[in-house]
Amino acid sequence: MPFILGKFSFIFKEFRIKIMRYPFAEIEPKWRKFWEEKEIYKTDLSKTENKLYSLVMFIYPSGAKLHIGHWYNYGPNDSWARYKKLKGFNVFEPIGYDAFGLPAENYAIKTGIHPYDSTIKNIEDIRVQLKNMGCMYDWDAELMTCAPEYYKWNQWLFLQLYKKGFAYRKNAPVNWCPNDQTVLANEQVQSDGTCERCGTPVIQKNLTQWFFKITDYAEELLEGLDKINWPEKTKLMQRNWIGKSEGAEVIFKTDGRDKDIKIFTTRPDTLFGATYMVLAPEHPLVDKLIMDKITRLLTSKKISTKIPKNKLNELSSDKTFKKLKKSFEEIYIIYLAYTYLPLTKKRLSIIFDLSGESVRNYINKIPKKLLLELPPKPNYMQSIRNNWRELDDYSYYDHLKIKDKINGYKTETQRKSEIDRTSTVKEKTGVNTGAFAINPVNNKKIPIWIADYVLMTYGTGAIMAVPGQDERDWEFAEKFNLPIIRTVQPPENFDGKAFLGDGPAINSDFLNGLNVNDAKQKIINWLEDKRIGKRKINYRLRDWLISRQRYWGTPIPIIHCPKCGEVPVEEKDLPVELPYDVEFRPSGESPLQSNKDFINVKCPKCGADAKRDADTMDTFVDSAWYYFRYLNPEINDTIFDKKLADKWIPVDMYVGGAEHAVMHLLYARFIHKFLRDIGQTNSDEPFTNLIHQGTITNQGNKMSKSKNNVVNPDDFTDKYGSDVFRLYLMFMGPYDLGGDWSDKGIAGTDRFVQRTYELFNKFNDASKGTNTKSKYDLNSLNENEKKLYRKVNQTIKKFGEEIENFRFNTAIASLMELLNENKSLDECSNEIRVYILERFAVLLSAVAPHLAEECWQLLGKDKSVFENPVWYEEDVAALIEDKVNIAVQINGKLRSTIKLPVDADQQTVKSAVFSDEKVLKYINGNKVVKEIFVKNKIYNVVVSN
RNA sequence: GCCGAAGUGGCGGAAUUGGUAGACGCGCUGGACUCAAAAUCCAGUCUGGCUCACACCAGGUGCCGGUUCGAGUCCGGCCUUCGGUACCA
């Protein structure tokens, strides 16, 4: 067993023990084997008293093995969990693999190795690494998301969402990566507009996509944050992401038309300052407003007034008219213009936007019989003729120009990525539509513009612009010479542009003098009275886009039938298995399209030839509920074991990277609440406590395979063993701060381990036949014993508090201090020595489990630490020292320290202070003005001359 | 731009409610052991001044100012770095 290094000349009996290094390569596997054989980490889930579910974010096997970041996540968290186990908790600590996703597929595209094969192989390698870490994982609970037994339940979940209307399809502009040939979520597009995974610039593309309706839970997701113990930073990020804002919806009438424009504003109090309106370029009203302008010039009077109301309704609802996709009014004008006016077909087609279709064809589709019943009256025709002349002179061309301009601007906007479009540094752009709206508070006409700074995806896609109180509007108004009216009085010294602060309302009629909040309330009530507006809450949160045009994911359990439309796969037919044979190289369409056996199915409803949905789900669906599944990954007739879940969920401690602060952690909360609402779970939130480990960088850069700067943990575990490596990672600094990787200090933790091992070797079998008491009377101990007895008890207290709060660096420092003091163990009785060593070993077992088990055994214990977890509570009496150092200050400056019995009263301290030479030097000749005494801490004398 | 976090020796980092700044570790310097090296052990290590030395004195926690007997910690104003976010009406 002794392990001899170096040359033969070192083989001396005495020397042997002294230089024997800690043989981690023998001892670590020995204990891992022991733990596994004794099934120490198999959690008895039926025992729920003192239950503790300790979870780490499962592994995303991205083609690479474990890196330092994984170790930094998992090692310290396991130490916390071990500490809890020692304290008597029934700890459940599972691990698994988030095995679907892009990296495996990208790897396949590059190498030709099938994602399934590479993932399975990779998991096998990772499992070996994980086992070598020596965490308390319950391997019976291991799961991987790419197994049909798992993703079947993603599909089940999808169907439940679908049934409730929470899964739906819509056509939406999405981020498209031309390189990966896939849709990206907003969160996957980096700030410079490139793809998170490959760095290619992202473009916009319209596709029909599946969404989960997370927005229905917006309010609850927001409120729930108050009930969970998460880092404030993370909660704030979620709050911002949800982006609740309170305000009002206000209806603006358009000038001379029936079209109303609905806007959302958080500042209804500034309505009097609305000097123009802006619509998002994609706003459906944009086209109508331009058309209206032209048709209005064609006919100065409303045609509808010429036609009896009942007739108009009848005609408008006629099927043939509906097919023509224009209003009856417009059709009638086209008909009249074509029939009675000398207009060329081309002109008409431009005016009425009949792209590609000749006007004659169009006219032919109009059921003349109906129209002929409504012959235009002569004077009406005259009015059209007059207007047409006017139109022909100038306006017609102007408006065609505007229409071109607007259409040009619209295409330009579509081409821009979301990032370009919303970049705040960019100068404002926009086009005047020539149409006007009426400000409802003062009936003033205000121009309607379109501009890309207004987004169709937020609010109503239209705003009232109040340049006086909004920076963006101010900037826009300045550029396009639009009027600016202040409606809040800025303070006198205000020299900025838009004023966003509070102040009395001005230029606002009945609101004048009110502060912002009061004005808001008053105007909202006014709007509600007049039925032209109402109180409204808006959220920034958008629905969760879950479809991916990718292979390596969960197939969406929907069949598209030409007759029945979308048909959900029946639950009994789940899982829809992901076929092995596909062409996963990018082709622009979903790879699953290439497997005809998969794609072609019979419609479950009518039996007709139908096609499966070829998209797969976002992997965030997999990770949104996996913590339920761990409790019983084998269960096959339900998504998870509800009985166990009701007792074990919520997760007590969840540890993972801050990069998941919004997406994963918000989606998981959403799915949890949904599962609750369909009766699957009884809790509101998935994770009670959350902690983020910091990021370990390499020379200031994030470690990544592409940068080729990944530090391999195996290099260190091979050289020092996994305990030393774990200790070092924990000792580096505050856990949530992370830091730049450097192996400079690892020698320090290695030395600590060596010296600890040496110490226990020196007192081999010390506990055999020795029984220690749980407490000793300090007076019965000699000076040296007393010192160590105090130290060990103080360490127990300190160490516990630090580990409890994930402050591993200071916890380990306290153990190092204890070890340093233990140099004088020789001068203790064996009983006290054992008392100290057994406590030291137990503390150590949380942070260096292999080593501690070995030390515990060396001490002569029969059962291993984790076989029979113990925790020694500190002896409170030993925490207090006999004597304390009291700092003596003169005018707040330290001048001396004096050692006095603990809790000495002011009189005692004072007399000591005033007999201290160093102090007297400063006091002599000066007047003592004041004396401040803090028990056991300081004595401060304030003097003046 | 906005939101958040952090700036402490040569380095990683410690410092209860404001109460002896620099715990613990690395590195470095000197010494012991050794033929020598490695390993290990012992001592020292914030900066400057003065001293043979012990001691002592002055300064010191990103910068400027304030509150206080006393500020790394609290307040006001900046600077830098790192995260998050990107016109959300």
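In what follows, every chain begins at residue 1, and chains take the letters A, B, ... in the order their sequences are listed.
When the P atom is used for both B/rA14 and B/rC24, the distance is 14 Å, rounded to whole Å. Look at the P atom in both B/rG10 and B/rG49: the space between them is 15 Å, to the nearest Å. Taking atom C1' on both nucleotides, B/rU17 is separated from B/rA71 by 14 Å, rounded to a whole Å. For B/rG62 and B/rU8, the P atoms lie 6 Å apart once the distance is rounded to whole Å.
Phosphate proximity of B/rA39 to A/R751: absent, as no side-chain N or O sits under 4.0 Å from OP1 or OP2. Put simply, A/N538 has no side-chain N or O that comes within less than 4.0 Å of OP1 or OP2 on B/rC88.
Judged by distance alone with a 3.5 Å cut-off, a donor-acceptor contact links the side chain of A/Q889 to the base of B/rG19.
Nearest nucleotide to the A/N940 side chain, out of B/rA14, B/rC69, B/rG12: B/rC69. Checked against B/rG19, B/rC57, B/rA15, the side chain of A/Y922 finds its nearest nucleotide in B/rC57. For A/R542, the listed nucleotide lying nearest its side chain is B/rC88; candidates were B/rC88, B/rA14, B/rG25.
A salt bridge is absent between A/E758 and A/R755: the closest approach of a Lys/Arg side-chain nitrogen to an acidic carboxylate oxygen does not fall below 4.0 angstrom. One finds a salt bridge joining A/R472 and A/D470 here, because a Lys/Arg side-chain nitrogen approaches an Asp/Glu carboxylate oxygen to under 4.0 Å. With salt bridges taken as basic N to acidic carboxylate O contacts below 4.0 Å, one links A/K762 and A/D826.
Here the C1' atom of nucleotide B/rA14 and the NZ atom of A/K798 are 8 Å apart, to the nearest Å.
Contacts of A/K536 with the nucleic acid, taken as non-hydrogen atoms under 4.0 Å apart, are absent. Within the nucleic acid shown, A/L236 comes within 4.0 Å of sugar-phosphate atoms alone, with no base atom in reach, counting heavy atoms only.
Pairing partner, B/rU80: B/rA6, with both Watson-Crick or wobble hydrogen-bond distances short of 3.5 Å.
For A/K244 and A/Y539, the positive end is not near the middle of the six-membered ring at less than 6.0 Å and at most 45° from its axis.
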